[in-house]
Amino acid sequence: MEKIKSCLTAIAPEPGNLIRGLQAIQTQEGYVSDEAVKVAAEYFQTAPAEVEGVLSFYAQFKRVKPGRYTIAVCDGTACHIKGSPLVMEWISAALNIRPGETDANGDFTLEKVSCLGCCSLAPVMAVNGTVFGKLDRKKVVRILKEYQNK
């Protein structure tokens with residue numbers, strides 16, 4: 001709780017700063033927990049329901065604790081044409097999760113993103129920011145195994 005409060009101290013406790021405060025919490029914690037909702041509501045002197053409303057309105061906010069590794073699969077035009085839907089299927093099947101979910105062990109979170117800016121390497125995915133391109137099923141399986149063994 002103190003950790004959450006400490007990331008808000010540099011932000012004026014005015015209701016207009018709620019989004020900024022939630023962004024600070026998510027930057028520090030990786031998501032916005034139920035506890036953080038209560039702290040933010042108290043700090044910005046607003047109802048917890050209003051905080052929840054902001055969190056549910058903006059897609060940037062995550063309410064579920066992410067795994068140790070976040071897998072972002074690009075679904076931009078080039079990647080989509082070159083097979084990103086298949087990449088997503090292979091990862092989903094291997095980890096038994098869908099986009100937006102975290103596996104039971106808390107190791108992997110899967111996300112579909114609009115663009116990773118690596119069109120010449122399509123299809124592309126990133127694991128905690130490390131980009132892997134020109135993916136096929138074998139590469140995807142190999143990459144997942146590497147991270148599972150870390």
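- Proximity of Ile71 to Val73: side-chain heavy atoms (C-beta onward) are separated by under 4.5 Å at one or more points.
- Between Cys74 and Met125 the shortest side-chain heavy-atom distance does not fall below 4.5 Å.
- Side-chain N/O atoms of Gln26 and Gln60 include no donor and acceptor closer than 3.5 Å.
- Using a 4.5 Å cut-off on side-chain heavy atoms (C-beta onward), Asp107 and Gln148 make no contact.
- Under the 4.5 Å side-chain heavy-atom criterion for grouping Ile, Leu, Val, Met, Phe, Trp and Tyr, Val140 is not connected to Leu116 through any hydrophobic cluster.
- Atom-to-atom distance recorded for Arg68:CZ and Lys150:NZ is 9.5 Å, nearest 0.5 angstrom.
- Distance CD/Gln23 to CD/Gln28: 14.0 Å, rounded to 0.5 Å.
- Remark: Lys138 engages Asp136 in a side-chain contact (heavy atoms from CB on, under 4.5 Å) (not counting sequence neighbours).
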Item to check | Asp34 and Arg63: CA distance, side-chain angles, deciding distance, side chain to side chain contact (heavy atoms under 4.5 Å, CB included) verdict | outcome: CA-CA 8 Å; Asp34 291 342; Arg63 291 289 280 129; 2.7 Å; yes
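- In this structure, Met88 is not a member of the same hydrophobic cluster as Leu121, with clusters built from ILVMFWY side-chain heavy atoms closer than 4.5 Å.
- Both Ile11 and Leu22 are members of a single hydrophobic cluster when ILVMFWY side chains are connected at heavy-atom separations under 4.5 Å.
- Considering CG of Asp75 and NZ of Lys112, their distance stands at 5.0 Å, rounded to 0.5 Å.
- The neighbour count for Lys82 NZ, taken as heavy atoms of other residues, nucleotides or ligands under 6.0 Å away, does not exceed 12.
- Linking Ile, Leu, Val, Met, Phe, Trp and Tyr whenever their side-chain heavy atoms come within less than 4.5 Å leaves Val87 and Val131 in two separate clusters.
- Enclosure of atom CZ in Arg142 by more than 12 non-hydrogen atoms of other residues, nucleotides or ligands within 6.0 angstrom is indicated.
- Within a 6.0 Å sphere centred on CD of Glu42, heavy atoms belonging to other residues, nucleotides or ligands number 12 at most.
- Residues Glu111 and Lys62 form a side-chain contact, since some pair of their non-hydrogen atoms from C-beta on lies under 4.5 Å apart.
- Between Val127 and Phe132 the shortest side-chain heavy-atom distance falls below 4.5 Å.
- When the shell of 6.0 Å around CG of Asn96 is examined, it contains 12 or fewer heavy atoms from other residues, nucleotides or ligands.
- Classified by interplanar angle (parallel below 30°, tilted 30° to 60°, perpendicular above 60°), the ring pair Tyr69/Phe108 is tilted.
- Follow the hydrophobic side-chain contacts under 4.5 Å out from Tyr31 and you never reach Leu18; the two are in separate clusters.
- With contacts defined as side-chain heavy-atom distances shorter than 4.5 Å, the pair Ser92/Leu110 qualifies.
- Ile4 is listed as a side-chain neighbour of Ser33, based on a closest heavy-atom distance under 4.5 Å.
- In this structure, the side chains of Leu8 and Phe44 come closer than 4.5 Å at one or more pairs of heavy atoms.
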